[in-house]
Amino acid sequence: EQRAQAKAKRTMCAQGFYEAETLAFYADADLDMLHIAADAPERNVIRIVNPISSNLTIMRSLLAPSLLNVAVTNLKKGNAAGRLFELSNIYVPKQLPLTELPEERLHLGFVAFGEHEDFFAVKGALEDLAASFGVTFEVERAEDVPYLHPGIAAYILCKGERVGVFGKLANDVTSELKLPKDSRANLNIYLGEIDWVAFHALVPAAVH
């Protein structure tokens, strides 16, 4: 498992992604930022009884908000382009209130932003990741992901099973990010996430 994770990280780095490490906490506002519906599974979160900060009140149920916040911070500081990934756990409660430890499920999240990023460039990076594990990725159009552009978003399939999603950040989400005006022109932000556990289960044992 450690070798497989190291291989994934090397492959992402070879595609121009830098590894990010973000906190395992954020706030409801971070899910609001992605227009996650109130009744969506991602809202089934573990709340911190004594949070150290008002913006660190829940255990994360997605990596996407964390990585988008890093991209926004870079854009506000004048870094007009970049690629980032994170291989970290999300936290899925078996029931609420908690009576036992939650599932800590490994996800691979990624964000690519900049004038020259496009759907096919990101798709190519993901295809390279799949190839490094001896499998292929197919894509199917995704129109029901609230934070992605309905015409530029896709589910990621491996051996016919849906293991992730990626696409261009929806226009209405982008417009609410309060980015400097000079960074909005020709801005492309692509955001995605792969369920590492589901993906890794489909990888041939000889390639792990």
Side-chain angles (χ1 to χ4, degrees), residues 1-26 30 34 42 46 56 59-74 79 81-93 101-114 116-139 142 145 147-148 153-167 169 188-208:
E1 176 61 27
Q2 289 177 331
R3 287 196 298 270
Q5 291 181 31
K7 179 191 285 188
K9 291 180 179 184
R10 288 195 304 270
T11 305
M12 294 298 284
C13 289
Q15 291 294 323
F17 287 81
Y18 287 85
E19 185 175 8
E21 291 186 9
T22 62
L23 295 174
F25 313 94
Y26 45 54
D30 293 290
L34 294 187
E42 294 83 2
I46 301 165
L56 300 171
M59 302 291 289
R60 63 184 173 196
S61 57
L62 283 173
L63 298 183
S66 302
L67 287 168
L68 181 56
N69 280 329
V70 176
V72 168
T73 298
N74 274 271
N79 297 323
R83 287 182 164 193
L84 301 160
F85 78 92
E86 182 171 11
L87 186 59
S88 293
N89 288 328
I90 64 164
Y91 300 87
V92 184
L101 292 174
E103 178 186 3
E104 298 184 23
R105 192 171 183 91
L106 204 60
H107 273 207
L108 173 63
F110 51 91
V111 63
F113 58 97
H116 300 295
E117 292 291 355
D118 63 32
F119 181 88
F120 295 102
V122 177
K123 179 174 177 283
L126 296 177
E127 288 171 344
D128 193 67
L129 174 68
S132 72
F133 284 94
V135 294
T136 58
F137 281 156
E138 295 80 41
V139 295
V145 183
Y147 55 90
L148 298 180
Y155 290 114
I156 304 165
L157 280 69
C158 183
K159 297 182 178 180
E161 292 191 29
R162 191 180 289 178
V163 297
V165 67
F166 81 102
L169 199 64
N188 299 306
I189 300 177
Y190 286 83
L191 193 62
E193 194 152 339
I194 292 171
D195 183 329
W196 174 263
V197 179
F199 165 63
H200 196 229
L202 299 169
V203 172
V207 186
H208 284 200

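Numbers for residues simply follow the sequence, beginning at 1.
- When L191, L84, V122 are each tested for a side-chain contact (heavy atoms from CB on, under 4.5 Å) with F110, only one passes: V122.
- When all heavy atoms are compared, the tightest approach of A198 to R105 is N-NH2, 3.9 Å.
- In this view, D118 satisfies the side-chain hydrogen bond (donor to acceptor under 3.5 Å, both in side chains) rule with no residue, not counting sequence neighbours.
- Here A81 pairs with nothing under the side-chain contact (heavy atoms from CB on, under 4.5 Å) rule; sequence neighbours left out.
- Under the salt bridge (charged side-chain N to carboxylate O under 4.0 Å, His left out) criterion, no residue pair touches residues 63-74, with sequence neighbours excluded.
- With sequence neighbours left out, the salt bridge (charged side-chain N to carboxylate O under 4.0 Å, His left out) criterion links E42 to no other residue.
- Put simply, the side chain of V70 does not reach to within 4.5 Å of the side chain of V111, judged on heavy atoms.
- Taking the side-chain contact (heavy atoms from CB on, under 4.5 Å) definition, one finds that D30 meets it with Y26, A27, M33, P65, N69, sequence neighbours left out.
- Between the side chains of E86 and T22, a donor-acceptor pair is found at a separation under 3.5 Å.
- Residues forming a ring pair (Phe, Tyr, Trp, His ring centres under 6.0 Å) with F119 (at least two apart in sequence, or on another chain): F166.
- Note that CD1 of I156 is 14.0 Å distant from CD of E161, once rounded to the nearest 0.5 Å.
- In this structure, CD in E117 is found 8.5 Å from OH in Y190, a value given to the nearest 0.5 Å.
- Scanning for side-chain contact (heavy atoms from CB on, under 4.5 Å) contacts around Q5 gives E1, L87, L106, W196, with sequence neighbours left out.
- Considering every non-hydrogen atom in both N89 and L63, the closest pair reads O-CD2, 4.1 Å.
- Listed by chain and number, the residues in a side-chain contact (heavy atoms from CB on, under 4.5 Å) with R10 are A6, K7 (sequence neighbours excluded).
- Take F137 and apply the ring pair (Phe, Tyr, Trp, His ring centres under 6.0 Å) test, not counting sequence neighbours, and it matches F199.
- Under the side-chain hydrogen bond (donor to acceptor under 3.5 Å, both in side chains) criterion, Y91 pairs with no residue at all, not counting sequence neighbours.
- In terms of the salt bridge (charged side-chain N to carboxylate O under 4.0 Å, His left out) criterion, E138 has no residue partners (sequence neighbours excluded).
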| said: Apply side chain to side chain contact (heavy atoms under 4.5 Å, CB included) to residues L126 and I194 and explain how you reach the verdict. | reply: CA-CA 10 Å; L126 296 177; I194 292 171; 4.2 Å; yes
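- The two atoms that bring N79 and F113 nearest to each other are O-CE1, 3.5 Å, heavy atoms only.
- In this structure a side-chain-to-backbone donor-acceptor pair under 3.5 Å is missing from D128 to G124.
- Every salt bridge (charged side-chain N to carboxylate O under 4.0 Å, His left out) that K9 has, sequence neighbours left out, goes to E19.
- Across all their heavy atoms, R60 and S88 have their closest contact at NH2-CB, 3.0 Å.
- Closest approach of A64 to L34, counting heavy atoms only: CB-CD1, 3.8 Å.
- Heavy atoms only, all atoms of each residue included: L202 and C158 are closest at CD1-O, 3.3 Å.
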